[in-house]
Amino acid sequence: MFIDSLTGQTIEMAKKGLDSATLRHNVISNNVANVNTPGFKKQSVIFEDALKENKISAKRLNPKHIPFSYEKSKNSGRIITENDTIYRNDGNNVDLDKEMEDLAKNAIYYNSIATRLARKFSLLKLVAQGGR
């Protein structure tokens, strides 16, 4: 409870971001591992459904304000199989260059969240030590 008041939702949001990056990394790694498997269909992670499930809330200071609410989604993404494309004659639709590009993007995303989380913990440590 005390930690929640110090950190707000930063740590929880960072956890969800790291979880989603990990899921995306696993899916991309699976695609790369099966690049030479005949008939293998590429998988992707989509987060649009999770975003649609989230509702935003705000405190109403005036009864004339438009009310809206926030509901956290436990869904951090959904894996889909792309069956509608064929990249090679053997039925495999994995483009290795595209997978490596997606992997690099995901690594940058993961590292940025991890760096921000480390800064948050560093700040909390500084506060706990009395600013020294």
Side-chain angles (χ1 to χ4, degrees):
M1 187 68 140
F2 177 70
I3 295 296
D4 288 343
S5 65
L6 283 177
T7 62
Q9 295 184 354
T10 304
I11 294 175
E12 182 181 345
M13 295 301 287
K15 179 191 175 301
K16 284 185 176 185
L18 292 174
D19 287 346
S20 66
T22 301
L23 176 63
R24 182 167 278 147
H25 179 85
N26 290 337
V27 168
I28 294 170
S29 298
N30 187 46
N31 289 341
V32 170
N34 288 292
V35 70
N36 291 323
T37 304
F40 180 80
K41 297 299 181 187
K42 173 185 175 173
Q43 293 182 324
S44 301
V45 179
I46 58 171
F47 295 100
E48 289 79 13
D49 293 345
L51 293 175
K52 287 178 185 175
E53 291 176 10
N54 285 328
K55 297 177 182 172
I56 300 170
S57 69
K59 184 176 181 179
R60 291 175 62 191
L61 300 175
N62 186 321
K64 293 180 181 177
H65 290 166
I66 298 172
F68 58 97
S69 62
Y70 177 75
E71 186 174 305
K72 293 179 186 176
S73 171
K74 293 181 181 178
N75 186 6
S76 61
R78 185 168 57 102
I79 299 173
I80 61 166
T81 303
E82 298 181 16
N83 290 319
D84 55 344
T85 59
I86 297 175
Y87 187 68
R88 295 189 326 223
N89 288 336
D90 63 0
N92 188 313
N93 64 354
V94 177
D95 180 357
L96 187 58
D97 292 335
K98 177 74 171 112
E99 296 301 318
M100 297 313 287
E101 175 189 334
D102 291 344
L103 194 61
K105 283 183 193 175
N106 195 51
I108 292 169
Y109 175 73
Y110 184 92
N111 287 334
S112 66
I113 293 173
T115 300
R116 185 163 182 95
L117 191 58
R119 286 185 190 155
K120 185 73 175 179
F121 283 124
S122 176
L123 182 62
L124 288 174
K125 181 180 175 184
L126 182 67
V127 169
Q129 292 174 339
R132 290 184 245 147

(request) For the pair Asn111 (side chain) and Ala107 (backbone), establish whether a donor and an acceptor sit closer than 3.5 Å, ignoring hydrogens and angles. (result)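 Looks like yes, one N/O pair under 3.5 Å.
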(message) Whether the Asp102 and Asn106 side chains hold a donor-acceptor pair (N or O, under 3.5 Å, no angle test) is what I'd like checked.
(response)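 Asn106 and Asp102 do not have a side-chain donor-acceptor pair below 3.5 Å.
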Could you state the interatomic distance from [atom1] ([X]) to [atom2] ([Y]), rounded to the nearest 0.5 Å?
X	Y	atom1	atom2	result
Lys41	Thr81	NZ	OG1	10.5 Å
Arg119	Leu126	CZ	CG	14.5 Å
Tyr110	Thr115	OH	OG1	10.5 Å
Asn34	Ser29	CG	OG	11.0 Å
Leu103	Leu96	CG	CG	10.0 Å
Met13	Arg116	CE	CZ	11.5 Å

Are [X] and [Y] linked, directly or through other ILVMFWY residues, by side chains that come within less than 4.5 angstrom of each other?
X	Y	answer
Ile113	Leu124	yes
Phe40	Val32	yes
Tyr109	Ile11	yes
Leu123	Phe121	no

(request) Only one of Asp95, Asn89, Asp90 passes side-chain contact (heavy atoms from CB on, under 4.5 Å) with Asn92; say which it is. (result) Asp90
(message) If the test is side-chain contact (heavy atoms from CB on, under 4.5 Å), which one of Lys42, Glu99, Arg88 qualifies with Val35?
(response)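 That would be Arg88; it is the only one of Lys42, Glu99, Arg88 passing the side-chain contact (heavy atoms from CB on, under 4.5 Å) with Val35.
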Shortest non-hydrogen contact from [X] toward [Y]:
X	Y	value
Leu117	Ala14	CD1-CB, 3.8 Å
Gly91	Ile86	CA-CG2, 4.1 Å
Asn93	Glu82	ND2-O, 2.6 Å

(message) Can you pull out every salt bridge (charged side-chain N to carboxylate O under 4.0 Å, His left out) where at least one residue sits in residues 28-38? Sequence neighbours excluded, please.
(response) none
(request) Show your reasoning for whether side chain to side chain contact (heavy atoms under 4.5 Å, CB included) applies to Leu23 and Ile79. (result) CA-CA 9 Å; Leu23 176 63; Ile79 299 173; 3.8 Å; yes
